[in-house]
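Following: one structure in structure tokens, then a few remarks.
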Amino acid sequence: MKRIAVLTSGGDCSGMNAAIRAVVRSGLSNNLEVIGIQKGYQGLIDQQYELLTTKSVSGKLQVGGTFLQSARCLKMFEEPGRRQAVKTLQEMGAEGLVVIGGDGSHRGAYELQKRGVPVIAIPASIDNDIPFTDMSLGVDTALNNILHAVDCLKDTASSHDRTFVVETMGRDCGYLALVSGIACGAEYALIPESAYDIDEVSKHLLQRFQEGRDNSIIMVAEGAGKAQDIADQIKDRIGFETRIMVLGHYQRGGSPSSFDRLLAARFGVTAVEALLQDTSGKMLGIGCGAIIQTDLEKVIAGGRRKIDATLLKLAATLGI
Ligand code: ADP
């Protein structure tokens, strides 16, 4: 094997640059050339790529996002696009491909693998909804971003007797809201995985107020409701002037945490080693501290990763 390619696809997250760097440095250590494809599958179809060197990845480790850029590419959903992607890889002489992205990107990787491309996928998504890995790249940094924002809010909430509803990302997965709720000491974490009753929430807030605890933080996952709707419903029921903060894309960016940097390094190096060992069609993951490999076909069939029941129990025990 002489040459491999790497791309980042789908929703960006912090740690993608660190993973590209690990692929490049590990490739070079193994006498491989590494081609960086720009804008995910779109760049593969449009033949936008460049040879990456240690200089290309210098100074990128600590920077969020992806310097190769990411994109959503509709052409990959159809046969001509998939065929063109394979053709580009053949023309550039790439004998393997590392795809860094979320579940949609893994579906694209699986399609390429079925057409004969040796592929290794790295799970990268702040939602932590990818199965067969305890953590995806970018989750830990997103959680730290949320905690930083909520800690700042708590300062002002306590100074003015305010209730804040904080909306996190995560699509149908409540992981970010639940874990940040536990870690920041929120009063509630409203998530799609557990039914909640806004009357009960409001009653509890009123009770806290009557006991002299005047400020509260309510985390809400985007899949469980809109922060503004929840704030309006609380105001309608108990009259509290409730403020909101929608964290949005702020969660995705920023310098990766030490956990994500190390995970990116381990994923990137393992991806190259796997390709060198003629392994293909696998997604890497982390389980019980070890890097594991699961067939892409199984990952795709696995649906969305469910929240660990022990986390739900932990939150309930802590009164969240
Ligand atoms: P993420 O990877 O973050 O889940 P998306 O779901 O938007 O993000 O997927 C990223 C890209 O992966 C899509 O724009 C498309 O190019 C490719 N992709 C997604 N699903 C498929 C599929 N079934 N077949 C081929 N390519 C796909």
Side-chain angles (χ1 to χ4, degrees), residues 5-17 19-20 23 37-49 64-66 68-89 97-133 135-142 168-173 175-176 221-223 248-249 251-253 256 260 263-264 267 271 280-285 294-306:
V6 58
L7 61 81
T8 49
S9 166
D12 70 291
C13 66
S14 199
M16 281 182 157
N17 276 331
I20 300 166
V23 170
I37 295 155
Q38 280 134 19
K39 301 195 174 175
Y41 295 120
Q42 193 62 51
L44 201 48
I45 290 169
D46 296 343
Q47 298 171 303
Q48 288 182 301
Y49 54 82
T66 159
L68 287 177
Q69 297 198 287
S70 186
R72 296 199 152 94
C73 169
L74 293 179
K75 286 185 180 164
M76 266 302 280
F77 288 96
E78 288 166 8
E79 191 50 35
R82 292 168 180 172
R83 243 185 282 129
Q84 179 57 50
V86 175
K87 194 161 164 243
T88 305
L89 286 163
L97 174 68
V98 180
V99 170
I100 305 167
D103 62 330
S105 304
H106 300 163
R107 285 173 200 277
Y110 181 55
E111 293 301 329
L112 296 180
Q113 192 240 333
K114 283 198 289 188
R115 286 160 183 77
V117 178
V119 180
I120 298 293
I122 291 177
S125 160
I126 66 167
D127 302 343
N128 214 23
D129 60 352
I130 300 174
F132 301 102
T133 182
M135 291 287 273
S136 292
L137 199 59
V139 174
D140 188 64
T141 305
T168 62
M169 280 183 159
R171 296 188 283 190
D172 297 328
C173 180
Y175 184 90
L176 288 178
E222 63 181 343
H249 286 76
Q251 293 160 93
R252 288 187 185 280
D260 275 329
L263 191 62
F267 278 161
S280 172
K282 304 280 184 189
M283 186 197 80
L284 305 183
T294 308
D295 286 338
L296 271 174
E297 191 176 4
K298 196 169 162 190
V299 174
I300 289 164
R304 298 235 185 271
R305 180 178 186 273
K306 300 217 172 3

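Everything numeric in this text was worked out from a predicted model, so none of it was measured. Ligands are counted one by one from 1 in listed order, and the atoms in each one are counted from 1 as well.
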Item to check | side-chain contact (heavy atoms from CB on, under 4.5 Å) involving Q47 - partner list, sequence neighbours excluded | outcome: Y49, Q84, T88, E91
Checklist entry - So, does E222 use its side chain to make a donor-acceptor pair with the main chain of M169 at under 3.5 Å? => result no
Checklist outcome for this item: Exactly one of D127, D260, N128, T133 clears side-chain contact (heavy atoms from CB on, under 4.5 Å) with V139, and that residue is N128
Checklist entry - Any ion pair linking E111 and R107 (charged N to carboxylate O, less than 4.0 Å)? => result no
Checklist entry - Is the number of heavy atoms from other residues, nucleotides or ligands within 6.0 Å of NZ (K298) greater than 12? => result no
Checklist entry - Does G64 offer a backbone N or O that forms a donor-acceptor pair with the side chain of N17 under 3.5 Å? => result yes
Between the protein and ligand 1, are there any N or O atom pairs that come within less than 3.5 Å of each other, and if so, what are their names and distances?
| residue | atom | partner | partner atom | Å |
| --- | --- | --- | --- | --- |
| ligand 1 | 2 (O) | G102 | N | 3.1 |
| ligand 1 | 2 (O) | G102 | O | 3.4 |
| ligand 1 | 2 (O) | S105 | N | 2.9 |
| ligand 1 | 2 (O) | S105 | OG | 2.5 |
| ligand 1 | 3 (O) | G11 | N | 3.0 |
| ligand 1 | 4 (O) | D103 | N | 3.3 |
| ligand 1 | 4 (O) | D103 | OD1 | 2.9 |
| ligand 1 | 4 (O) | G104 | N | 3.0 |
| ligand 1 | 7 (O) | R72 | NE | 2.4 |
| ligand 1 | 12 (O) | G104 | O | 3.4 |
| ligand 1 | 14 (O) | C73 | N | 2.7 |
| ligand 1 | 16 (O) | C73 | N | 3.3 |
| ligand 1 | 16 (O) | C73 | O | 2.6 |
| ligand 1 | 18 (N) | G104 | O | 3.2 |
| ligand 1 | 20 (N) | G104 | O | 3.4 |
| ligand 1 | 24 (N) | R82 | NH2 | 2.9 |

